[in-house]
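Lettering follows sequence order; numbering is per chain, from 1.
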Amino acid sequence: MPYPHQETEHKWQEQWANGFVDYRAGQSAEKEKRYILAEFPFPSGAGLHVGHLRSYVALDIIARKSRMEGYDVLYPMGWDAFGLPTENYALKHGISPQQATKENIANFKRQLAPMGLSFDWSREINTTDPGYYRWTQWLFLQFYHQGLAYKAEVPVYWCPNSQITLAAEEVSDGKSIQTGEPVEKMPMTQWMLAITEYADRLLEGLDEVDYLEEIKTQQRNWIGRSEGARIYFKTEHGQTVETFTTRPDTIYGVTYMVLAPEHPAVSELLEHASNPDEIRSYVEEAERQTDRERQAKTEKTGVHIGGVHMIHPLTGAYLPVYIADYVLMDVGTGAIMAVPAHDERDYEFARRFELPMETVVKPDQGDVPELPYPETGELINSGDWTGLTSAEATQRIIEYLEQEYLGQRDVNYKMRDWVFSRQRYWGEPIPIVYCEQCGEVPVPEDQLPVELPEVEAYEPTETGESPLANIDRWVNTECPECGGSAKRETDTMPNWAGSSWYYLRYIDPQNDQAFADYDKLAEWLPVDLYNGGMEHVTLHLLYSRFWHQFLYDLGYVPTREPYQKRVSHGIILAEGGVKMSKSKGNTIDPMEMVENFGADTFRTYEMFMGPYDEMIAWDMNGIKGVYRFLTKIWHWYTRQTEGYGETVSDDSHLQYSLHSLIKKVTDDIEAMKFNTAVSALMEFTNEWQNYQLSAEDFGAFARLLAPFAPHLAEELWTGTGAQNSVHHAEWPSYDPDQITSDIVTYQIHVNGKVRGMLEVAPHTDEETIKQNAREQDNVARHLEGQTIKKMIVIPQKVVSIVTE
RNA sequence: GCUAGAGUGGCGGAAUCGGCAGACGCACCAGACUUAAAAUCUGGGGGCCUCCUUAGGCCGUGAGGGUUCAAGUCCCUCCUCUAGCACCA
C-alpha cells in the first residue's frame, strides 16, 4: 500500500494556512538572527521548473532547521520581474508587460504553494512595483550625485534583432547570452555606472567572505587586475604614444611598436607616413570587421607606417611602427611596445614581418632559451639592469622611468564600466530630465518614482531609441529646476538594477521613507547564506556587491559586504544527462511530480539525487525509490500508533543509532550535504521500522525528518501525541556519551593487508593488544613461518605487523 | 592556451585525519504473495578464484611512477571531462 500523500499533504497545507505555523521573521528581539536568501526568480511564462526548487528546498531545509534550533530566520521570496523576456512574452501574447507579469507571478505562486516551503510571504517584493522601483531610481540618483553615473559615447553591443544594447557581460562569443542572437558593436551615448572605481574594493572584499573558491576565482578573473607600467614613447616628430605593459623588465627587448587600428594617434602619424593610402585601407578594412572576424584570423596582419619611428626611451634606438588588429583599442592603452622574444603574439607578428628579436631574459638556471620565452628569469643584454631578476628589474626600471618622466607605475583592469542604459520599455525609467535652459537635471527625490506610463504600443523602435520616446505626454514634462519645458530621459535601466539591492528591501519592505531602515539593516545584515546560479557570478553578484560597497561608503548600510556566504546549486539535467528544454519535450513538471508522489517525495528526492552543488540528471526510478522510503516510514508510523511492532531489546543500541543519526543529520544539513543526511535517515528507518519506539525516540526521528518532508513529519509528530507543530518544535540534540562505544575495534594488518579485526576495551595497554592481535586465527596463519620485523599500534585504529 | 573543479560497480553516488573501498538509492537476479501482471515483502547484488563457502584468497577508485607499516585520499608526469575566461599587452 502506497502512503496517502495527497490526503496528508492537503490536510496539513490547510492547517498551516489556518495558522498552525508561522514563518514570519523578526518576531523576537532576543533570538539570534539568520538571513537565508535564495535568488528571487524571474517570473517567466514557462513557470516554475525543477531547478528553481532544488535551491529553494535546500535553503528551506536550512531555514526550518535553524528555526527549530532557536534562530529568528528571515527566508523571503519575491520577483525579479523587469526585463526583456517579459516584454517579448507580452508582445507575443498581445497583452501588456504589466499584465504578463501579474499573470506569471500568480502562476509561480500557485506552483510554489504546495511545495511546503517556509517563506515569509509577508515580505514579498516585486521589482516592477512603483513602490519598489522608486528606490531603485533613488539609488541611481545617489550614484549620479557622486559622479559615478555618467553619460558617455561608448562602443556598445547592439542586438539588431531585439533592438537593444547589451552590457559586455551580457555578450558571449559575439552573441547575446539571453537570446543567443548575434550582436554588433557600435558607438552610442549611454548611461554608465563607474564600477571600475570599485575594482580594487571588489577584489579585496573577496578575502573577507565565504564564497565557493570557484566563485572567487571567476570574479577575480573578471575584474582582471594586472600591474605594470605605462611607458611613453615619442616619434622623431615629437608625438607621444603611451603603452601599457606588465613586463617592464623586457624593455630592452623592444624591437618595434604597434598601435590598434582605432588608435587616435593614427591620423596624426599618417601626416608623416610615406604610405598613407595603404594605411588608410588597412584601417578601414579593420573597422569593417567584427571582433569575432578579427579573432578568427589564422595569421596576424598589419601595416608598416613608412617613414615614422619611435624612439626607445632607454636606448634611443629607432623603432619601426606598425598598425595591427591584434592590438585591441579597449585593452590597456591601445598601443604596445612589442617584445617578440618574450611574447607569443609579438613573436608571431615579428616572424611574419621579418622583424628583429632581442633576447633579454633567460631562465634562472640554464642558457638562453628557445624563443619565444614568455617566462620571467634573469635579465641579459639589458644595460645596467643585466643580471637582475625579472621581479627586481621590474621595480627598478619603473622607478627609473618615473624619475626621468618616461613612464609611471600603472594598473590595468579587464573589467569595464557598466553600460546602464537599455532602449526598451519594460525597465525602471532613468530619473533624469533634459531642460532647454538647465540641461541635464536629476528628478528630485520627492518626485520619485518616475512611473512607467501604461501604453498600447511598446515595441522597440528601429532607430535604436527607446519606445518611451514615442509617448509625447510622458516625454514632455517640466524642468524641476526652472519649470520650463523639458524632456524625460527615455532609456530604462537594465534588469540587473532591481536585483542589485533587493536583499536590502526584504529587511524593511514597506518602508516609504527610505529604501530600508538602518537599524533594521544592522539587525539582519549581512545575508548569512545566499544561493544562486553560477551564471550570475560575474553579473548580478558583482553588481550587487558594487552597489552595497557604494552604499556602505555613503553610510546607508552597516556592512562592507552584502553576502557572507555564497553557494550555488548544480543544474538538473533531463533523464539521460542532456539539457532540459521545451523543444526536446524532456522537461520535468514539478506539479506532476507533486501530484503523483507528493511534495515531500519531490523535496527529498531533489536532495537525495546527488551532491547539491553538482550537475545531475533526473531519474524517474530514483524518485520512486524515495517514494518507497516515505511509504516505509508511513507504515512504521501506522504500526507505531496502532501499538504493534517488535519491542526494542537493546535500548543502548537504539540510543546509539538515534544519537548518531541526530549528529549526522545536524552536521550534514549545516554542510549542505543533504544527500548523505537523507541516506542516514534511510538507514535508520531500515534498521528500526519494525520496532515499537517510545514516543520520545520516534518524535526525535520525526523532527529530523521535518526539514526534508515537512508534511509527513507533521503527521508523525502530531499523530504520536504532540500538540504543537513539528516546525515549532525544538531540534533534537545528541548526547556524546550515547555515541561513544565501550568497545574499540582494531584492524590487524600483516604486511599492509587487513587480516583480522580485534575488539578490546578502550584503554587496553599496547602489549595486550599486540599479543591478542598475533593470536587471531587468520593473523596467525599469515604469520606462520615468518619473522616479525616490527609491529605498529595506532591507538583506536590499527595494529600493523611487518615481517622480514 | 589560461584559471578553477572533477574522474570510484551496469547507473546516481558514499568514504572529517592517509586506516575494512563501494554506505544509501536505482537497475538487475532469485524467492514469497497473485489465475496473471503491477504494487508490496524477503534475500542477493564490483570482478575473478578456492568444498577454509555464515569462510578464505587474488585483482580493483582515469593511466604510469613515487612516498608510507598503510594511498580513492599525499607527491610527480600524463590523459579525459565540466565550468569560466580567452590576441588582456
Side-chain angles (χ1 to χ4, degrees), chain A residues 1-2 172-173 212-222 224-226 228-229 231 243-247 250 258 260 291 294-295 297 300 324-328 330-339 342-346 348-349 374 412-415 534-535 537-538 568 570-571 576-577 605 608-611 613-626 628-629 631-632 635 667 671 673 675-686 745-757 777-778 781-782 789-794 796-803:
Chain A
M1 265 283 287
S172 171
D173 213 13
L212 286 177
E213 204 46 47
E214 59 181 318
I215 294 176
K216 289 190 180 185
T217 306
Q218 271 191 43
Q219 292 213 346
R220 287 192 187 108
N221 288 347
W222 187 263
R225 182 190 157 96
S226 50
I231 303 177
T243 64
F244 175 78
T245 179
T246 54
R247 294 294 302 276
T250 62
V258 190
D291 287 3
R294 286 196 195 179
Q295 283 171 26
K297 286 182 190 170
K300 296 232 178 320
D325 64 7
Y326 83 91
V327 173
L328 308 175
D330 55 7
V331 177
T333 61
I336 60 159
M337 52 174 233
V339 186
H342 304 291
D343 182 282
E344 283 176 34
R345 296 149 302 179
D346 297 348
E348 202 187 310
F349 188 82
N412 190 53
Y413 298 94
K414 220 157 92 178
M415 187 168 68
M534 280 307 291
E535 71 277 15
V537 165
T538 52
S568 220
I571 60 170
Y605 171 62
F608 181 62
M609 64 194 302
D613 54 358
E614 274 173 40
M615 193 195 296
I616 197 145
W618 189 268
D619 176 11
M620 223 51 217
N621 284 315
I623 193 169
K624 285 179 192 160
V626 171
R628 276 199 278 269
F629 164 56
T631 301
K632 270 189 211 174
H635 290 316
D667 294 350
K673 289 160 75 174
N675 53 334
T676 49
V678 173
S679 78
L681 289 164
M682 286 173 169
E683 282 178 85
F684 187 83
T685 304
N686 289 342
T745 307
Y746 281 83
Q747 297 165 39
I748 309 164
H749 292 199
V750 178
N751 291 328
K753 291 194 185 297
V754 182
R755 298 301 182 188
M757 305 303 281
D777 273 4
N778 198 40
R781 191 165 47 244
H782 282 92
K789 197 165 93 183
K790 65 174 163 176
M791 221 167 157
I792 301 162
V793 178
I794 310 293
Q796 323 289 311
K797 280 183 183 159
V798 170
V799 181
S800 190
I801 304 167
V802 187
T803 64

Go through [options] for me and flag the one nearest to the [X] side chain.
X: A:Gln747; options: B:rA89, B:rC20, B:rC69; value: B:rC20
X: A:Asn221; options: B:rC24, B:rU3, B:rA15; value: B:rU3
X: A:Lys673; options: B:rA15, B:rC69, B:rA89; value: B:rA15
X: A:Asp619; options: B:rG19, B:rC26, B:rU3; value: B:rC26
X: A:Glu614; options: B:rU3, B:rG13, B:rC88; value: B:rG13
X: A:Phe608; options: B:rC87, B:rU3, B:rC24; value: B:rC24
X: A:Lys632; options: B:rC24, B:rA89, B:rC41; value: B:rC41
X: A:Met615; options: B:rA23, B:rC69, B:rU82; value: B:rU82
X: A:Val754; options: B:rC20, B:rG84, B:rA4; value: B:rC20

Side-chain H-bond candidate by donor/acceptor type, [X] with [Y], under 3.5 Å:
X: A:Thr803; Y: A:Asn751; answer: yes
X: A:Asn221; Y: A:Lys414; answer: no
X: A:Asp619; Y: A:Tyr605; answer: no

Any side-chain N or O of [X] under 4.0 Å from OP1/OP2 of [N]?
X: A:Thr538; N: B:rC85; answer: no
X: A:Asn621; N: B:rA27; answer: yes
X: A:Arg755; N: B:rC20; answer: no
X: A:Lys753; N: B:rC59; answer: yes
X: A:Asn675; N: B:rA14; answer: yes
X: A:Arg628; N: B:rC41; answer: no
X: A:Lys414; N: B:rU3; answer: no

Nearest heavy atom decides the nucleotide; on that basis, is A:Ala335 or A:Ala617 closer to the 5' end of RNA chain B?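 Here A:Ala617 is the residue nearer the 5' end.
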Quick one: on RNA chain B, does A:Val678 or A:Leu328 contact a more 5' nucleotide (nearest heavy atom)?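 Of the two residues, A:Val678 wins.
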At 4.0 Å (heavy atoms only), tell me whether [X] reaches a base, stays on the sugar-phosphate, or touches nothing.
X: A:Val798; value: base
X: A:Met757; value: base
X: A:Gly224; value: nothing
X: A:Asn686; value: sugar-phosphate
X: A:Met534; value: nothing
X: A:Ile616; value: sugar-phosphate
X: A:Lys300; value: base
X: A:Val258; value: nothing
X: A:Leu212; value: nothing
X: A:Gln218; value: sugar-phosphate

Please round to the nearest 0.5 Å and tell me the distance separating atom CD1 of A:Ile801 and atom NZ of A:Lys790.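 Atom-to-atom, A:Ile801:CD1 and A:Lys790:NZ are 13.0 Å apart.
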Gap separating the NZ atom of A:Lys673 from the CG atom of A:Asp667, nearest 0.5 angstrom: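 The CG atom of A:Asp667 is 9.0 Å from NZ of A:Lys673, to the nearest 0.5 Å.
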Measuring only between side-chain heavy atoms, which start at C-beta, is A:Ser226 closer than 4.5 Å to A:Tyr413?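 A side-chain contact is absent here, since even the closest heavy-atom pair is not under 4.5 Å.
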[M] and [N], which share atom name [atom1], separated by this distance in whole Å:
N: B:rG62; M: B:rA6; atom1: P; result: 13 Å
N: B:rG22; M: B:rG44; atom1: P; result: 15 Å
N: B:rG7; M: B:rC74; atom1: P; result: 11 Å
N: B:rC2; M: B:rA86; atom1: C1'; result: 8 Å
N: B:rC69; M: B:rC28; atom1: P; result: 48 Å
N: B:rU35; M: B:rC51; atom1: C1'; result: 42 Å
N: B:rC49; M: B:rG66; atom1: C1'; result: 31 Å
N: B:rC48; M: B:rU80; atom1: C1'; result: 28 Å

Which dot-bracket notation, 5' to 3', represents the base pairing of RNA chain B when pairs are defined as Watson-Crick or G-U with both distances under 3.5 Å, crossing pairs as [ ], and inter-strand pairs as |? (((((((..(((......[....))).(((((.......))))).(((((....)))))..(((((..]....))))))))))))....
Would you mind calling B:rG9 syn or anti? Take O4'-C1'-N9-C4 for purines or O4'-C1'-N1-C2 for pyrimidines, and syn is within 90° of 0.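 Here the answer is syn: the torsion falls within 90° of 0.
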Checking understanding here: a glycosidic angle within 90° of 0 is syn, the rest anti, so what is B:rC74?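 For B:rC74, whose glycosidic angle is more than 90° from 0, the conformation is anti.
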What is the distance, to the nearest angstrom, from the [atom1] atom on [X] to the [atom2] atom on [N]?
X: A:Ile801; N: B:rC69; atom1: CD1; atom2: P; value: 15 Å
X: A:Ile623; N: B:rG13; atom1: CD1; atom2: C1'; value: 17 Å
X: A:Arg247; N: B:rC88; atom1: CZ; atom2: C1'; value: 15 Å
X: A:Trp222; N: B:rA86; atom1: CH2; atom2: P; value: 6 Å

Salt bridge (charged side-chain N to carboxylate O under 4.0 Å, His left out) partners for A:Arg247, two or more places apart: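 Salt bridge (charged side-chain N to carboxylate O under 4.0 Å, His left out) list for A:Arg247, sorted by chain: A:Asp249.
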Treating A:Asn675 as the side-chain partner and A:Met609 as the backbone partner, does any N or O pair qualify as donor plus acceptor under 3.5 Å?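 Side chain of A:Asn675 to backbone of A:Met609: no pair is present.
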side-chain hydrogen bond (donor to acceptor under 3.5 Å, both in side chains) with A:Lys789: which residues, sequence neighbours excluded?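 Per chain and number, A:Lys789 pairs via side-chain hydrogen bond (donor to acceptor under 3.5 Å, both in side chains) with no residue.
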Does a sphere of radius 6.0 Å around CD in A:Glu535 hold more than 12 heavy atoms from other residues, nucleotides or ligands, not counting ones at 6.0 Å or beyond?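 Yes, enclosed.
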Steps toward side chain to side chain contact (heavy atoms under 4.5 Å, CB included) verdict (A:Ile623, A:Trp618): CA-CA 9 Å; A:Ile623 193 169; A:Trp618 189 268; 3.9 Å; yes
